[in-house]
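Down below is the structure, laid out as structure tokens.
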Protein chains: 2
Amino acid sequence: MSPKQQRGEATVELLLDAALRLYGQEGEQGLTVSAVTKASGVSLGSLYHHFGSIDGLVDALLMRWLERLLGEMVTALERSRTARTGVRALVRTYLSFVREHPAAGRLLHSSHADRLGMAQAKQLRDTQEARLTPLAGWLQRHVDKGEIAPLAPPLLESLVLGPVIGVSRRWLAVGDVDLDEAARVLPERIWRSVSTDGA
Amino acid sequence: MSPKQQRGEATVELLLDAALRLYGQEGEQGLTVSAVTKASGVSLGSLYHHFGSIDGLVDALLMRWLERLLGEMVTALERSRTARTGVRALVRTYLSFVREHPAAGRLLHSSHADRLGMAQAKQLRDTQEARLTPLAGWLQRHVDKGEIAPLAPPLLESLVLGPVIGVSRRWLAVGDVDLDEAARVLPERIWRSVSTDGA
DNA sequence: TGTACATCAGTGAACGCGCGTTCACTGATGTAC
DNA sequence: TGTACATCAGTGAACGCGCGTTCACTGATGTAC
């Protein structure tokens, strides 16, 4: 799957970069074989040599950016000692990632991502295990400590990431939301929704 | 746009129903002209007579179901007196809508919906004005009363609907979440995140 | 009530276009001896 | 260090398929007089 010669890696890089650029400009319908080859300057045959199909290329692109996002989130968590600072850091990390990589953000919210999550849930979890294990572990520790409410993990995930994704999608699609304000306000309110304390 | 003879309405109904059914079974790529005509039994020419294009049909389908969802949410709100019961009712209404109409839920979360929201934000707001005005009014009233935190409306919307959409998407795509548990747990936790009270 | 006529609704063959993919081939790279 | 060779990487013409759309036409409906 991965190139065994140096020039191969450069080609793969050119293709993935061009694909993301196109996705940012044109959306899903911009990701055609001819558009990607033209934008990257790489030949049609090379694309097929490295990715096998256009879906293979898109899957690889998704994986690459999912790994980067998860990597940043794990890093943010590892710097946090309490559950509260951790949750707040997650929220801020996600928002700044999307601000910095809007096209990647769009991609990760797209139906391609859903399709990948559906078709290859197991494979995805294997591939991203290095990222997901620390996340799950951190969560479990703070649930055990009684700081985070003992809900099913998907519910906790939705409570934390749901509003962040909502704001991100809106910022990307409509633009009528202030990311700075969101980064100021959301972390504490989201923390409230998953903490054990309170009302 | 809308049919001027009775039999026209029936045809439109057949087409929209078939399209939703296909979308539920096959996803976006199932929504082709030939698939819709075959599944509906309606001729190709009739489809173009009523909708002008396949995108026109999909847009109409989206509008129809968006209106139904918003309608149910407005109804739920009108039955609620306090901000807390209102927010909780919104959450539960959304979840039961998705449970009852999974294909429509998928459609409303799709990139088609984003595209519509982006391209026609203004037109959408005009078309759905009858639904959106009561929602915005309800929100403003309870912000004024000091029950709901005075945040920008898109942020409030994300805090309330974000987790619900997150859970719905996950239920639709992966299925590893219990909607009953979500309906039990989420309303109160979401309420916490938007209420003025507390920590 | 009857008739003429404009409009609406429905039909399906035909078209062209752009898509993803294949394939036979050339050239570059790295390795074994 | 030199050479032979297997493998990897890159190339682009060609293909076929399914897509959305057009269009000339027939039939049904409703309305005016």
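We name chains A, B, ... by the order of the sequence lines, and we start the count at 1 in each one.
- Within 4.0 Å (heavy atoms only), A:Leu47 reaches no atom of the nucleic acid at all.
- Side chain of A:Val33, nearest nucleotide from C:dG20, D:dG10, D:dG20: C:dG20.
- Between the CG atom of B:Asp59 and the C1' atom of D:dG20 there is a distance of 15 Å, rounded to whole Å.
- Remark: side-chain polar atoms of A:Arg92 are not paired, donor with acceptor, to backbone N or O of A:Pro187 under 3.5 angstrom.
- With D:dA9, C:dG10, C:dT21 as the candidates, the nucleotide lying closest to the side chain of A:Tyr48 is C:dT21.
- A:Arg192 places a side-chain N or O within 3.5 Å of a backbone atom of B:Ser195 that can act as its donor or acceptor partner.
- When only modelled atom types and interatomic distance are considered, B:Ser111 and A:Glu28 share a side-chain donor-acceptor pair under 3.5 Å.
- Between the CD atom of A:Glu28 and the P atom of C:dG18 there is a distance of 20 Å, rounded to whole Å.
- When the side-chain nitrogen and oxygen atoms of B:Ser46 are compared with OP1 and OP2 of C:dT11, one or more of them lie within a distance under 4.0 Å.
- The phosphate of D:dG10 has neither OP1 nor OP2 within less than 4.0 Å of any side-chain N or O from A:Ser43.
- If you check C:dT11, D:dG20, D:dC19 against the side chain of B:Ile54, the one that comes closest is D:dG20.
- In this model, the phosphate group of C:dG18 is not approached by any side-chain N or O of A:Thr32 to a distance below 4.0 Å at OP1 or OP2.
- Taking for each of A:Ser34 and B:Ala10 the nucleotide of DNA chain C with the nearest heavy atom, the 5'-most of the two is the partner of B:Ala10.
- Panel note: side chain A:Thr196, backbone A:Gly146; a donor-acceptor pair is recorded below 3.5 Å.
- Between A:Tyr94 and A:His109, the ring planes are parallel. Angles under 30° get that label, and only those over 60° would be called perpendicular.
- Residue B:Leu44 contributes atom CG, which lies 12 Å from atom P of D:dC19 at whole-angstrom precision.
- Ion pairing between B:Glu67 and B:Arg131 holds under the 4.0 Å rule for side-chain N and carboxylate O.
- The main-chain N or O of A:Ala130 is never found under 3.5 Å from a side-chain atom of A:Thr133 such that the two would form a donor-acceptor pair.
- Regarding B:Leu14, its CG atom lies at a distance of 10 Å from the P atom of C:dT11, rounded to whole Å.
- Close to C:dA9, at under 4.0 Å from its OP1 or OP2, lies a side-chain N or O of B:His49.
- Computed from coordinates, the A:Lys38 NZ to D:dT11 P distance equals 16 Å when rounded to whole Å.
- Note on residues 19-46 of chain B: no pairs pass ring pair (Phe, Tyr, Trp, His ring centres under 6.0 Å), not counting sequence neighbours.
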message = As a check on the pairing definition, encode DNA chain C in dot-bracket form, counting Watson-Crick and G-U wobble pairs whose two distances are under 3.5 Å, and using | for partners outside this strand.
response = .||||||||||||||||||||||||||||||||
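- Rounding to whole angstrom units, CG of residue A:Leu31 and P of C:dC19 are separated by 12 Å.
- The phosphate of D:dG10 has OP1 or OP2 within less than 4.0 Å of a side-chain N or O from A:His50.
- In this structure, of D:dG10, C:dA9, D:dT21, it is D:dT21 that holds the atom nearest to the side chain of B:Ser53.
- Between the CZ atom of A:Phe51 and the P atom of C:dT21 there is a distance of 14 Å, rounded to whole Å.
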